[in-house]
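Everything below concerns the one structure shown next.
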Amino acid sequence: MTNDDRMALLREAVADLGSQAKAGKRLGYSSATISQVLSGSYGGQLDAILTRVEEVFGRTEVDCPILGMIAYPQCVDERRKPFCTANPHRVRMYQACRACPNNTDPKEDD
């Protein structure tokens, strides 16, 4: 997904949610930041915000080795869940997510 696609996704999310504040809250950013991004005056790391837009509002499907075809936001949610040895599904997901090519999170030190 290109940055132009992500900007369009952000505009659509703001329209669907009814305000920049609501979209910002879902993304973890202030309404002022969202306003600056949309107006093209944001001076920070635009890529970080637009990546977050795709993680929260994206509709791209990815092939999960455990769950099959899932939406990208679900992929992000699953891979960021904490490891739990008491849950066999979480163990499988944790192991699969760490090696998955869809995982764009920074790698942990072992």
Side-chain angles (χ1 to χ4, degrees):
M1 183 172 260
T2 68
N3 279 353
D4 288 341
D5 294 335
R6 292 173 179 159
M7 286 293 288
L9 194 57
L10 178 58
R11 286 187 185 90
E12 186 179 318
V14 168
D16 290 347
L17 294 171
S19 74
Q20 293 175 0
K22 289 178 182 177
K25 186 173 183 173
R26 295 261 316 265
L27 294 168
Y29 290 97
S30 70
S31 60
T33 299
I34 302 305
S35 176
Q36 290 173 2
V37 168
L38 291 173
S39 70
S41 64
Y42 184 68
Q45 292 184 340
L46 185 60
D47 284 344
I49 293 176
L50 295 180
T51 296
R52 184 71 183 141
V53 168
E54 185 177 10
E55 290 175 353
V56 173
F57 300 117
R59 290 182 223 96
T60 304
E61 287 197 341
V62 295
D63 190 10
C64 174
I66 304 296
L67 302 174
M69 294 302 287
I70 58 172
Y72 185 66
Q74 182 182 355
C75 172
V76 172
D77 289 342
E78 290 291 336
R79 74 174 176 239
R80 293 186 179 161
K81 286 181 181 176
F83 179 69
C84 177
T85 58
N87 184 331
H89 174 74
R90 286 298 327 134
V91 171
R92 287 183 63 217
M93 289 298 295
Y94 179 81
Q95 292 170 340
C97 288
R98 287 188 64 173
C100 185
N102 297 316
N103 186 347
T104 57
D105 291 345
K107 300 297 181 203
E108 299 173 4
D109 291 335
D110 289 323

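Everything quoted here is computed from the prediction, not taken from an experiment.
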Could you tell me whether the side chain of S35 and the main chain of S31 form a donor-acceptor pair under 3.5 Å?
no

For V62, does its backbone N or O pair with a side-chain atom of N102 as donor and acceptor, under 3.5 Å?
no

Student check: side-chain heavy atoms of [X] and [Y] closer than 4.5 Å:
| X | Y | result |
| --- | --- | --- |
| R79 | T104 | yes |
| R26 | K22 | no |
| T51 | R6 | yes |
| L46 | L50 | yes |
| Q95 | V91 | yes |
| V53 | M7 | no |
| R59 | Y72 | no |
| F57 | L17 | yes |

Where do E61 and I70 land on the side chain to side chain contact (heavy atoms under 4.5 Å, CB included) test, with the steps shown first?
CA-CA 5 Å; E61 287 197 341; I70 58 172; over 6 Å; no

Common cluster, F83/M93, ILVMFWY with side-chain heavy-atom separation under 4.5 Å:
no

Examine L9 and Y29 and state if one hydrophobic cluster contains both, with Ile, Leu, Val, Met, Phe, Trp and Tyr joined whenever side-chain heavy atoms are less than 4.5 Å apart.
yes

About how many Å separate [atom2] of [Y] and [atom1] of [X], when rounded to the nearest 0.5 Å?
| X | Y | atom1 | atom2 | result |
| --- | --- | --- | --- | --- |
| D16 | R11 | CG | CZ | 14.0 Å |
| S30 | Q20 | OG | CD | 10.0 Å |
| M69 | C64 | CE | SG | 10.5 Å |
| N3 | D47 | CG | CG | 5.0 Å |
| I66 | C97 | CD1 | SG | 8.0 Å |

Going through the distances and angles, do R80 and E55 end up as a salt bridge (Lys or Arg N to Asp or Glu O under 4.0 Å)?
CA-CA 11 Å; R80 293 186 179 161; E55 290 175 353; 2.9 Å; yes

Search all heavy atoms of [X] against all heavy atoms of [Y] and return the closest pair with its distance.
| X | Y | result |
| --- | --- | --- |
| I34 | G24 | CG1-CA, 3.6 Å |
| V56 | P73 | O-CG, 3.8 Å |
| L27 | R52 | O-NE, 3.3 Å |
| A23 | V14 | CB-CG2, 3.7 Å |

Evaluate the side chain to side chain contact (heavy atoms under 4.5 Å, CB included) criterion for residues E54 and V76: first the C-alpha distance (whole Å), next the side-chain angles of each, then the deciding distance (0.1 Å), finally the verdict.
CA-CA 10 Å; E54 185 177 10; V76 172; over 6 Å; no

Test log, rule side chain to side chain contact (heavy atoms under 4.5 Å, CB included), inputs N87 and R92
CA-CA 9 Å; N87 184 331; R92 287 183 63 217; over 6 Å; no

Ignoring hydrogens and geometry beyond distance, is a side-chain donor-acceptor pair present between R90 and Y94 at under 3.5 Å?
no

